[in-house]
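Okay, so here's the structure we're looking at.
Since the structure is predicted, the reported quantities are computational estimates derived from the model, not experimental observations.
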Amino acid sequence: MKIKRFIALCMTLILCLSVSSCGYRLVKVEDLESTTVGENGTNTDTVNPTPEGTTVPVETTTDPADFSGITVNSDYRSVAMSKEEVADMYAKAVNDVKLRCPGFTCTSHQEISDVKAGNGGLQLADRILHLVASEVIQNNDNLDYNTTVQPYDDISVREYFPVFGEDYACEITDYSIITSAACYTNGAYYKLVLTVADTLNPEPKTSQFGKIMTPVEREPIANSIAQYVPVLDMKQYQFDINYTGNEITCIIECASNRIVSMTQKMIMQIEIDLNLDLVIFYTTMIEASGTVINHLSYDNFVW
């Protein structure tokens, strides 16, 4: 009799160990009424719902067509469109801003980080990067600003809505500059998400990058930097801006096909090498590098 009890006890122990090793746990019979087991074997309490007043986070999803990895609210669903079709839809919406001149609010914000200096002084490198940032917003002394453009002010629309100083907002002909483009809708609005290829030293307006994004002219910046420091040989002056992480998000009303909001981001990786006048400095070379992140946003459109 003792042998039978011992064998039964061993079998029970083996059963408990095997069940626990599979990720399950034993519960009392009376607890089964308030506990349900999920598909992955975890227990989900159904007795205590979310307390009143508790905010449940909105679930987000990343659509396979959106190679940029940008998430959109789960109430938006993907629209079957090619990259070229999304780019054309975006171009039509933003070019309509230049044509019809609605009012809007424009916000500009710059972030300067990763400032490094090789043989030169860190303070000089920081001043150079601030100079670059000021050129991004057309020599505005305030790097962060908020501007309201009144409806039908065609001059202000031309100057403050990209592409700056032009009658168009997007005029690309080579779609390879777009690395990914996706369209989503919630029935009332379209959400366009575009990423633009990394580009080294693009010129505004003349390059494909400059026909959709807002790069800066390098020569005026180089000349301005030369005013900070006496350069010995401009031929050996290296000044590069690599634009990475270029993103555009545009919200369009479905009924009217008019833009509701638009954001643009560029990450500018800057590298500078230049020879200096030894009368003032103790070194023959300044090496400076850093990052300027430029944010532009447009909303509060008045059509």
Would you find a donor on one side and an acceptor on the other, under 3.5 Å apart, between the side chain of [X] and the backbone of [Y]?
X: Thr199; Y: Ala197; value: yes
X: Lys211; Y: Thr173; value: no
X: Lys191; Y: Tyr76; value: no
X: Gln208; Y: Ile177; value: no

Taking side chain as C-beta onward, heavy atoms only, is [X] less than 4.5 Å from [Y]?
X: Ile293; Y: Met266; value: no
X: Val216; Y: Met268; value: yes
X: Thr263; Y: Leu296; value: no
X: Leu200; Y: Asp240; value: yes
X: Asp88; Y: Tyr175; value: yes
X: Asn246; Y: Phe209; value: yes
X: Thr105; Y: Asn146; value: yes
X: Cys250; Y: Ile259; value: yes

Honestly curious: do [X] and [Y] fall in one hydrophobic cluster under the side-chain, below-4.5 Å linking rule?
X: Tyr168; Y: Val97; answer: no
X: Ile270; Y: Val115; answer: yes
X: Ile267; Y: Met213; answer: no
X: Tyr160; Y: Val163; answer: no

- Message: For Phe161 and Phe301, take the angle between the two ring planes, folded into 0 to 90°, and tell me which bin it lands in: parallel under 30, tilted 30 to 60, perpendicular over 60.
- Response: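 Plane angle over 60°, so perpendicular.
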[atom2] on [Y] to [atom1] on [X], rounded to 0.5 Å:
X: Ile112; Y: Thr291; atom1: CD1; atom2: OG1; result: 10.0 Å
X: Cys101; Y: Tyr152; atom1: SG; atom2: OH; result: 9.5 Å
X: Tyr190; Y: Asn257; atom1: OH; atom2: CG; result: 6.5 Å
X: Leu192; Y: Cys183; atom1: CG; atom2: SG; result: 5.0 Å
X: Phe104; Y: Ser156; atom1: CZ; atom2: OG; result: 8.0 Å
X: Ile178; Y: Cys170; atom1: CD1; atom2: SG; result: 7.0 Å

- Task: Evaluate salt bridge (Lys or Arg N to Asp or Glu O under 4.0 Å) for Glu253 paired with Arg258, printing each intermediate quantity in order.
- Result: CA-CA 6 Å; Glu253 187 179 45; Arg258 289 177 174 175; over 6 Å; no
- List for me each residue that meets salt bridge (Lys or Arg N to Asp or Glu O under 4.0 Å) alongside Glu166, sequence neighbours excluded, and say none if there are none.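 Expected list: Lys205.
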So which heavy atom on [X] is nearest to which on [Y], and how close?
X: Pro102; Y: Val157; result: O-CG2, 3.8 Å
X: Arg218; Y: Ile241; result: CG-CD1, 4.4 Å
X: Lys83; Y: Ser176; result: NZ-CA, 4.4 Å
X: Ser207; Y: Glu203; result: OG-O, 2.5 Å
X: Pro162; Y: Met262; result: CG-CE, 4.0 Å
X: Gly187; Y: Cys254; result: O-SG, 3.8 Å

- Between the side chains of Glu247 and Thr195, does any donor sit under 3.5 Å from an acceptor? no
- Item | Donor-acceptor pair between Ser108 and Gln110 side chains, under 3.5 angstrom |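 A pair is found: one side chain offers a donor N or O, the other an acceptor, under 3.5 Å apart.
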